[in-house]
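One-based numbering along the sequence shown. Model, not experiment: these values are computed from the prediction.
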Amino acid sequence: MKTDFYTLFTIIVLMGFVFFVILRQLGPTQNKRIIDDSIELLERKLGGARGAYVPESRRFEAFQGNCTDPELLRYMAEDILAHCGIVPADLAVETCEEEMGEHPAGTYSHRDGVSTIRIRVSRYARYNVVLAVLIHECMHYYLRHSGIGFSETRDNEILTDTATIYMGFYEYIYHGYIMVGYLRDSEIMYVKKKLAELRNI
């Protein structure tokens, strides 16, 4: 009886994993419309996507070795936003070591003239995931300061993810945003393909 239970449990877990992999590889479904609307809005407001982001090598190496250090996170945020063409004068970057659970991997807030990015970290944190989350939160900052956004929260999150690719962060988003982003792998690739088509690349 005990063996049957474990066999059934194993089958359910495997089926769940297979379903998850298939779902992530499917093309855009419910998000396709808002992704397209996001690209259209970004084109109208910004007039052209940025080139690929290349982080400053020395600090990036330090960040890879200690991706939970608030000082290095702050530097990476400044580097990310510099690539977007702005220098943050009112930005604080914080970390918290709470369990993820249902909480987001990162948050962005703006109160009393100060913007705050908070990144959830743990001793198991991987730099590629932390960087992808930081890029997403920095993009919230950039879009807010650029006056670009949608009224619906969910649509605005899709816009923010789309903007990370639009602004040249595709490689870091694609390789680090597993399980924490609003777009699936296939949707991230869809944004990249759509932008390439717009520029006839």
Side-chain angles (χ1 to χ4, degrees), residues 38 42 45-46 49-149 153-154 156-185 188 191-192:
S38 295
L42 293 166
K45 294 285 189 176
L46 300 177
R50 295 256 174 188
Y53 169 64
V54 179
E56 193 277 320
S57 59
R58 186 173 60 86
R59 291 292 178 91
F60 185 50
E61 282 181 22
F63 170 75
Q64 287 175 300
N66 187 5
C67 65
T68 63
D69 182 296
E71 185 177 337
L72 291 172
L73 277 164
R74 165 75 187 182
Y75 175 81
M76 291 304 298
E78 291 174 351
D79 198 48
I80 289 162
L81 290 167
H83 175 78
C84 296
I86 60 173
V87 177
D90 59 347
L91 179 65
V93 180
E94 303 173 353
T95 60
C96 56
E97 296 185 7
E98 300 172 23
E99 290 296 322
M100 291 288 286
E102 297 180 4
H103 301 291
T107 59
Y108 168 79
S109 62
H110 183 82
R111 292 185 186 89
D112 302 322
V114 177
S115 293
T116 303
I117 289 174
R118 184 170 288 110
I119 306 293
R120 290 187 187 279
V121 297
S122 74
R123 55 183 170 171
Y124 306 110
R126 296 182 312 188
Y127 83 87
N128 60 322
V129 176
V130 173
L131 181 58
V133 173
L134 182 64
I135 290 168
H136 174 90
E137 302 309 331
C138 284
M139 199 54 55
H140 273 300
Y141 179 94
Y142 174 74
L143 292 174
R144 181 185 180 281
H145 280 261
S146 301
I148 301 171
T153 300
R154 174 75 184 179
N156 212 48
E157 294 293 352
I158 300 298
L159 166 64
T160 303
D161 270 357
T162 302
T164 64
I165 301 155
Y166 190 90
M167 296 302 289
F169 299 97
Y170 169 80
E171 291 296 329
Y172 299 97
I173 292 298
Y174 183 77
H175 294 294
Y177 223 32
I178 298 169
M179 300 289 288
V180 295
Y182 289 86
L183 298 182
R184 297 194 306 266
D185 295 3
I188 292 171
V191 175
K192 183 184 181 187

- Step by step, work out the side chain to side chain contact (heavy atoms under 4.5 Å, CB included) result for Y174 and K192. CA-CA 10 Å; Y174 183 77; K192 183 184 181 187; over 6 Å; no
- Could you please spell out the steps behind the side chain to side chain contact (heavy atoms under 4.5 Å, CB included) verdict for V191 and T164? CA-CA 10 Å; V191 175; T164 64; over 6 Å; no
- Show your reasoning for whether side chain to side chain contact (heavy atoms under 4.5 Å, CB included) applies to D69 and F63. CA-CA 8 Å; D69 182 296; F63 170 75; over 6 Å; no
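Side chains of L46 and Y166 form a contact here, defined as non-hydrogen atoms less than 4.5 Å apart. The shortest distance between side-chain heavy atoms of R111 and S109 falls below 4.5 Å. Side-chain contact between L131 and I80 is present, with heavy atoms from C-beta onward closer than 4.5 Å. Proximity of E137 to V93: side-chain heavy atoms (C-beta onward) are nowhere separated by under 4.5 Å. Under the 4.5 Å side-chain criterion, counting only non-hydrogen atoms from C-beta, C67 is not in contact with R126. The closest side-chain heavy-atom distance from L42 to L159 is below 4.5 Å. Within the 4.5 Å cutoff, the side chain of I165 has no heavy atoms near those of the I135 side chain. Here the side chains of L183 and I158 are in contact, with some heavy-atom distance below 4.5 Å.
In R74, the CZ atom is crowded: over 12 heavy atoms of neighbouring residues, nucleotides or ligands sit closer than 6.0 Å.
The minimum heavy-atom distance linking L134 with A77 is given by the pair CD2-N, 3.8 Å. Of all non-hydrogen atoms in P88 and L91, the two that sit nearest each other are CB-CB, 3.8 Å. Counting all heavy atoms, side chain and backbone alike, A62 lies closest to L72 at O-CD1, 3.6 Å.
Applying the ring pair (Phe, Tyr, Trp, His ring centres under 6.0 Å) test to Y141 and every residue at least two apart in sequence or in another chain returns H145. Contacts of D79 classified as side chain to side chain donor-acceptor pair (under 3.5 Å), with partners at least two apart in sequence or in another chain: Y53. Applying the side chain to side chain donor-acceptor pair (under 3.5 Å) test to E71 and every residue at least two apart in sequence or in another chain returns nothing. In this view, Y182 and H136 satisfy the ring pair (Phe, Tyr, Trp, His ring centres under 6.0 Å) rule, not counting sequence neighbours. Residues passing the salt bridge (Lys or Arg N to Asp or Glu O under 4.0 Å) test with E56, sequence neighbours excluded: none. Taking H110 as the reference, S115, R144 meet the side chain to side chain donor-acceptor pair (under 3.5 Å) condition, with sequence neighbours excluded.
Once rounded to the nearest 0.5 Å, the distance linking CD of E97 with CD1 of I119 reads 13.5 Å.
A donor and an acceptor atom, one from each side chain of Q64 and Y127, are located under 3.5 Å apart.
Under a 3.5 Å cut-off, the side chain of H140 and the backbone N or O of I117 do not form any donor-acceptor pair. At distances below 3.5 Å, at least one donor-acceptor pair connects side-chain atoms of R50 with backbone N or O atoms of C84.
The side chain to side chain contact (heavy atoms under 4.5 Å, CB included) test with M139 is passed by exactly one of T160, I148, I173, L81: T160.
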